Amino acid sequence: MTDDNGGNATGISDTSKNYHTYEIDWNPDSITWSIDGKEVRSKTRAETWNATANRFDFPQTPSRVQLSLWPAGKPGNGEGTISWSGGEIQWNSPFMQNGYYFAAFASVDIECYDPPQGANKQGDSSYIYTDSALTNNTVEISDKDTVLKSLEGTGVDMDKGSDTSTASGSAKTSAAAQIPGLSGVGADGQRGGNAASSGGTGATGTAAGPESTQTGFSQGGSGTGSGAPPQLEKSLQTSFLAVVVGIFALIVL
Amino acid sequence: MWYGKATAKMMTSGGQGVVSAFILLGDSKDEIDFEFVGADLEVAQTNFYSQGVTNCM
């Protein structure tokens with residue numbers, strides 16, 4: 001079996017020295033990838049029909065926009081992953097500045113399409129699943145909150161680790177687990193402004209601000225695999241230059 | 001985001017073993033990718049997964 005879902009676009013002028021615009025256009029019946037305004041690949045849902053499984057092997061459920069930098073060449077990863085990425089990471093590379101590798105985002109724009117036909121719409125704020133199958137027919141658009149009170153929170157314990165948590169035995173979360181900027185939101189966890197947006201909201205970051213107790217740079221292997229550098233500029237607002245070292249983001253519509 | 005258009009104006013990292021990614025990723029492990037391997041500075045790799053599985057034809 002070979003991975004047939006890959007498609008390479010070549011001939012782009014040095015992606016590490018030049019900004020280029022990369023676009024994913026995701027429709028219920030097709031995906032189109034474009035670079036600098038030109039289509040480089042497309043895939044229709046019909047092409048992905050899997051007769052054996054009686055389903056389309058096509059992305060059909062709510063997804064987050066994620067920007068990341070990850071160490072495929074970390075020793076200990078699978079051989080295939082390391083060789084695909086060109087070899088183990090060199091920590092004295094001319095591509096490093098100020099002691100770290102980085103990708104830079106000048107802007108990220110998101111346009112949300114209407115929910116697909118027949119969507120189960122019970123609200124305007126978030127996507128939830130009504131079944132652990134996690135298939136497109138089990139998605140519900142709800143009004144449920146999506147903001148975790150700390151990085152220790154989960155979908156089934158969203159207040160964990162916060163000052164207001166009433167769970168027995170819970171202690172105030174360490175500085176490292178606090179979500180930057182969250183202290184300014186209302187008591188119910190809703191962010192000011194966009195309560196009426198029709199998609200998932202909320203942002204979680206792994207940034208550790210100057211007040212963090214962490215020291216040094218953690219090169220992977222730390223639990224979730226997203227070690228935080230000592231300094232990180234965390235802005236992902238459009239038209240803002242952002243230095244990104246391993247950051248996950250949920251983008252508000 | 002449940003269907004839509006995501007556009008990123010970005011500069012990738014160079015360096016072998018270092019991968020820059022601009023992707024859509026769902027809790028179901030649906031995924032649509034632009035990935036950049038730091039060893040190939042003129043290539044953008046596209047990919048997609050449904051429920052975590054890449055299609056084998």
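Below, chain A is the first sequence line, B the second, and so on; all start at residue 1. Remember, predicted model here, so these are calculated numbers, not experimental data. When reading the values below, keep in mind they use all heavy atoms of this one structure, side chains included, and skip hydrogens, waters and symmetry mates.
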Asker: Quick one: are A:Y113 and B:M1 in side-chain contact, heavy atoms under 4.5 Å?
Answerer: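 Answer no - side chains too far apart.
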Asker: What is the distance from atom NZ of B:K5 to atom CH2 of A:W26, rounded to the nearest 0.5 Å?
Answerer: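 One gets 15.0 Å once the value is rounded to the nearest 0.5 Å.
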Asker: Please classify the contact between A:I31 and chain B as side chain, backbone, both or neither, with a heavy-atom cut-off of under 4.5 Å.
Answerer: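 Just the side chain, heavy atoms under 4.5 Å.
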Asker: For chain B, which of A:T10, A:I24, A:T81 has the most heavy-atom pairs under 4.5 Å?
Answerer: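 Option with the greatest count: A:I24.
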Asker: Just give me the residue among B:F36, B:F22, B:Y3 that pairs up with chain A most often, heavy atom to heavy atom, under 4.5 Å.
Answerer: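 When all of B:F36, B:F22, B:Y3 are compared, B:Y3 has the most.
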Asker: Ignoring hydrogens and angles, tell me if any N or O in the side chain of A:W33 forms a donor-acceptor pair with the backbone of B:Q45 under 3.5 Å.
Answerer: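 No.
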Asker: So, taking the atom named OG in B:S20 and the one named CZ in A:F105, what distance separates them when rounded to the nearest 0.5 Å?
Answerer: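 Here the rounded value is 7.0 Å.
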Asker: Would you check if A:F56 and B:S50 make a side-chain contact, meaning some heavy-atom pair closer than 4.5 Å?
Answerer: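 Sidechains of B:S50 and A:F56: no contact.
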Asker: Counting N and O atoms only, with roles assigned by atom type, does the side chain of B:Q16 sit under 3.5 Å from a partner on the main chain of A:E88, one being a donor and the other an acceptor?
Answerer: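 Checked: pair present.
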Asker: Using a 4.5 Å cut-off on heavy atoms from C-beta on, say whether the side chain of B:T46 contacts that of A:N8.
Answerer: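 Not in contact.
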Asker: Is the shortest heavy-atom distance from the side chain of B:L25 to the side chain of A:R64 under 4.5 Å?
Answerer: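 Sidechains of A:R64 and B:L25: no contact.
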Asker: Nearest 0.5 angstrom please: B:M11 CE to A:D14 CG, how far?
Answerer: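 With rounding to 0.5 Å, CE (B:M11) is 9.5 Å from CG (A:D14).
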Asker: So, do A:Y22 and B:F34 have ring centers that fall under 6.0 Å from each other?
Answerer: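 Judged by ring-centre distance (under 6.0 Å), A:Y22 and B:F34 do meet the cut-off.
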Asker: Could you tell me if A:S63 and B:D30 have a donor-acceptor pair between their side chains, going purely by distance under 3.5 Å?
Answerer: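 There is no such pair (donor and acceptor under 3.5 Å, judged by atom type) between the side chains of B:D30 and A:S63.
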Asker: Is any side-chain heavy atom of A:T135 closer than 4.5 Å to one of B:Q51?
Answerer: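 They are in side-chain contact.
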Asker: Under 3.5 Å, is there a donor-acceptor pair between the side chain of A:T15 and the main chain of B:T12?
Answerer: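 No: the side chain of A:T15 does not pair with the backbone of B:T12.
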Asker: Mind telling me whether B:W2 and A:Y127 have parallel, tilted or perpendicular rings, with 30° and 60° as the class edges?
Answerer: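 Judged by the thresholds at 30° and 60°, the geometry between A:Y127 and B:W2 is perpendicular.
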